[in-house]
Engineer: 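One structure follows; several queries about it will come next.
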Amino acid sequence: MFDDLQMAPPDPILGLEEAFKRDPNPAKINLAAGVYKNARGITPILNSVKQAEALILKQETSKSYLGIDGMPEYAAAVQKLIFGADHPAVAGGLVVTAHTPGGTGGLRVAGDFIKKINPGATVWVSQPTWPNHPNVFRAAGLNLQIYPYFKAASNSLAFDEMLAALRQLPAKDVVVLHGSCHNPTGADLSLAQWAEVAGVVAERGLLPLVDFAYQGLADGLREDAAGLLTLCGREREVVIVNSFSKNFGLYNERVGALTLVCGSAAAAQAALSHVKTVIRANYSNPPAHGAEIVTTVLGSPELSAEWEGEVAAMRGRIWDMRRCFVAGLAEAGVERDFSFIQRQHGMFSFTGLTKEQVRRLREEFSIYVVDSGRINVAGITEQNLPALCEAMTQVIQ
Ligand code: LMR
C-alpha cells in the first residue's frame with residue numbers, strides 16, 4: 001500500500017524549521033516558526049518554570065493517568081488567567097475547561113466537538129489566518145470558508161469588509177477570531193472593533209471560537225484578554241482555545257486548553273461530557289507535566305509574580321525589536337515605509353515580501369521567513385539585525 005506514495009508537501013511553517021536545521025550556513029537566521037528567542041538568540045526555559053519543575057520533582061508521587069479532561073486545578077488556573085478573578089460566568093459554573101495537548105490539540109478537540117454537535121457547521125477563518133487552521137478544521141470534517149480581514153496593500157484591517165461578511169453568515173456557523181497577536185499579520189482588532197464584532201456575532205447567532213495562543217505578548221496579560229472578554233459579555237456561548245507554548249515557553253510540553261462558555265451550568269456540564277468523549281477517542285487523556293508546571297506557577301504568588309515579569313520581558317524585547325527593525329531598514333536605505341511593523345502586535349508581522357523575495361532571502365542569505373512574508377519578530381537579535389536589514393534591502397531593491 002505504501003509503494004506508490006508520493007511525498008506530502010512540507011508544512012509551510014514547521015517544514016521551514018526542518019530546512020533551517022539542515023542549512024550548514026553559520027550565519028543563518030530563523031524567522032519562521034513562532035518561537036520566542038532572547039537577546040542571545042536562544043529559546044530559554046523560564047526561571048519560574050525551572051523552579052516549578054524542581055518542586056514537582058520533589059513532590060510528585062505517581063505517574064498514573066490524569067482525568068480525560070485533565071486536572072481540576074489546572075482548569076481553574078486556566079479560567080482565572082483568561083477571565084481574571086471572580087468573573088461571573090466562572091462563578092456561575094457556566095465555564096468548563098479541558099486540558100489539551102497544546103493549542104493545536106485544543107483546536108482539534110474543538111473541531112471534533114463542533115462536528116459532533118453540529119455536523120453541518122461551516123468554520124469561517126480570517127483571510128489570512130494561521131495556515132494550520134484550515135488543516136485542523138478540515139481534518140475534523142468541517143466545511144471551511146474565509147472572511148476578509150486584512151488589506152495587504154495598505155497593511156491595515158479590512159474591518160468593514162469583515163463585518164459585512166459576518167452579517168451574511170447563517171446562524172450556528174463558527175467564526176474563528178484571534179484573541180491577540182493575530183497570526184500571521186500582527187494586526188489586532190481594537191476594543192471598539194471587538195464590541196462591534198460581538199454585536200454582529202450575537203445578532204446572527206454565530207458561534208465564536210477564539211484562538212488565544214499569545215496571551216501577554218501584545219500589551220499585557222489582562223489587556224490581551226480584554227477583547228475576548230468583551231465578546232463573552234455579549235455572547236451566551238463562546239469557545240476559547242489557549243496555549244502555554246509561547247507565554248510559558250512550554251513549546252515541547254504541549255500544554256493548552258479548550259474552554260467553553262455556556263448558557264447554563266447544566267449545559268456546561270453536558271458540553272464537557274461530549275468534549276470528553278471526543279478526547280477519549282483521540283488521545284485518551286492529556287500528558288501531565290506541562291499542566292503541572294502551569295498549575296504550580298499560577299498557584300504560587302511568588303512564582304506567578306516572577307512569571308509575569310518574565311512575560312513582560314519577552315513582550316518588551318519584541319517591542320524593542322520591532323522598533324530596531326524599522327530603524328535598521330531605514331538606515332540600510334530601504335525606501336519602502338515599514339513603520340506599520342511598530343503598530344502590529346505580538347510575534348508576527350506581515351512584511352509584504354513576495355514569495356520570490358522570500359525565496360531569495362532563503363536561498364541567497366539563509367534567512368528563513370514563511371512564504372506569506374510573515375516574519376517572527378521575536379527571532380531578531382541585535383547580532384542578526386544588520387545582516388537581516390542588508391539582505392532585505394537587496395531583495396527589495
Ligand atoms: C507559528 O505560527 O509559527 C506557531 O504557532 C508554530 C506552529 O505550530 O505553526
Side-chain angles (χ1 to χ4, degrees), residues 8-21 28-37 41 43-44 100-111 125-140 144 146 149-150 176-188 209-218 224 240-258 283 287 290 311 314-315 317-318 321-322 341 344-351 353 355 358 361-362 367-380:
D11 183 80
I13 297 173
L14 297 186
L16 286 173
E17 294 294 296
E18 292 164 13
F20 179 81
K21 281 193 190 126
K28 61 190 178 178
I29 301 175
N30 187 357
L31 306 180
V35 175
Y36 177 81
K37 301 204 179 67
T43 303
T100 57
T104 308
L107 290 169
R108 181 57 193 268
V109 172
V125 295
S126 60
Q127 165 72 324
T129 195
W130 181 48
N132 211 25
H133 277 150
N135 300 338
V136 170
F137 295 118
R138 285 197 183 116
L144 195 101
I146 50 175
Y149 185 78
F150 189 72
V176 177
L177 300 161
H178 298 224
S180 66
C181 309
H182 184 269
N183 182 0
T185 64
D188 286 345
L209 188 163
V210 182
D211 186 346
F212 198 28
Y214 296 88
Q215 184 177 5
L217 292 185
D224 292 2
I240 302 162
V241 175
N242 79 302
S243 166
F244 294 110
S245 295
K246 325 282 170 165
N247 55 13
F248 267 81
L250 290 173
Y251 304 90
N252 66 12
E253 297 294 354
R254 310 309 300 136
V255 54
L258 165 63
Y283 52 87
V311 177
M314 290 195 265
R315 180 170 66 238
R317 203 187 90 74
I318 292 172
M321 285 304 110
R322 287 188 178 280
I341 288 177
Q344 298 172 336
H345 291 86
M347 284 192 183
F348 304 120
S349 268
F350 232 29
T351 54
L353 290 174
K355 235 175 151 168
V358 169
L361 279 181
R362 188 162 59 240
I367 296 175
Y368 290 73
V369 169
V370 179
D371 270 355
S372 61
R374 185 196 84 171
I375 57 160
N376 172 21
V377 183
I380 303 176

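Order of listing sets the numbers, starting from 1, for every ligand and every atom in it.
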Engineer: Please check: side-chain N/O of D224 versus main-chain N/O of G179, any donor-acceptor pairing under 3.5 Å?
Structural biologist: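 No: the side chain of D224 does not pair with the backbone of G179.
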Engineer: Does Y214 have a heavy atom less than 4.0 Å from any atom of ligand 1?
Structural biologist: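 A heavy atom of Y214 does come that close to ligand 1.
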Engineer: Can you tell me which residue and heavy atom of the protein come closest to atom 8 (O) of ligand 1, and the distance to 0.1 Å?
Structural biologist: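 Checking every protein heavy atom, the shortest distance to atom 8 (O) of ligand 1 gives W130 CZ2, 3.5 Å.
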Engineer: Does the Lys NZ or Arg CZ of K28 fall within the cation-pi geometry relative to Y368 - under 6.0 Å from the ring centre and within 45° of the axis?
Structural biologist: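 Pair K28/Y368 does not count as cation-pi.
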Engineer: Would a 4.5 Å heavy-atom cut-off, applied to side chains only, mark R254 and S245 as touching?
Structural biologist: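 Heavy-atom side-chain distance check passes, below 4.5 Å.
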Engineer: Using a 4.0 Å cutoff against the non-hydrogen atoms of G34, which atoms of ligand 1 qualify?
Structural biologist: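 The list of qualifying atoms is 1 (C), 3 (O), 4 (C).
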Engineer: Relative to the heavy atoms of K246, which atoms of ligand 1 are at a distance of less than 4.0 Å?
Structural biologist: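 Ligand 1 atoms under the 4.0 Å threshold to K246: 4 (C), 5 (O), 6 (C).
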Engineer: Where do H182 and Y149 land on the ring pair (Phe, Tyr, Trp, His ring centres under 6.0 Å) test, with the steps shown first?
Structural biologist: CA-CA 10 Å; H182 184 269; Y149 185 78; 4.2 Å; yes
Engineer: Using side-chain heavy atoms (C-beta onward) and a distance below 4.5 Å, is L353 in contact with L361?
Structural biologist: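 Yes, close enough: below the 4.5 Å cut-off.
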Engineer: Give a yes/no on ligand 1: does N132 have at least one heavy atom closer than 4.0 angstrom to it?
Structural biologist: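 Contact absent.
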Engineer: If you round to the nearest 0.5 Å, how far is CZ of R322 from CE of M347?
Structural biologist: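 Atom-to-atom, M347:CE and R322:CZ are 10.5 Å apart.
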Engineer: So is there a nitrogen or oxygen of T104 less than 3.5 Å from a nitrogen or oxygen in ligand 1?
Structural biologist: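 No - when backbone and side-chain N and O of T104 are compared with those of ligand 1, no distance drops under 3.5 Å.
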Engineer: Does at least one non-hydrogen atom of R374 fall below 4.0 angstrom from an atom of ligand 1?
Structural biologist: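 The answer is yes: ligand 1 sits under 4.0 Å from a heavy atom of R374.
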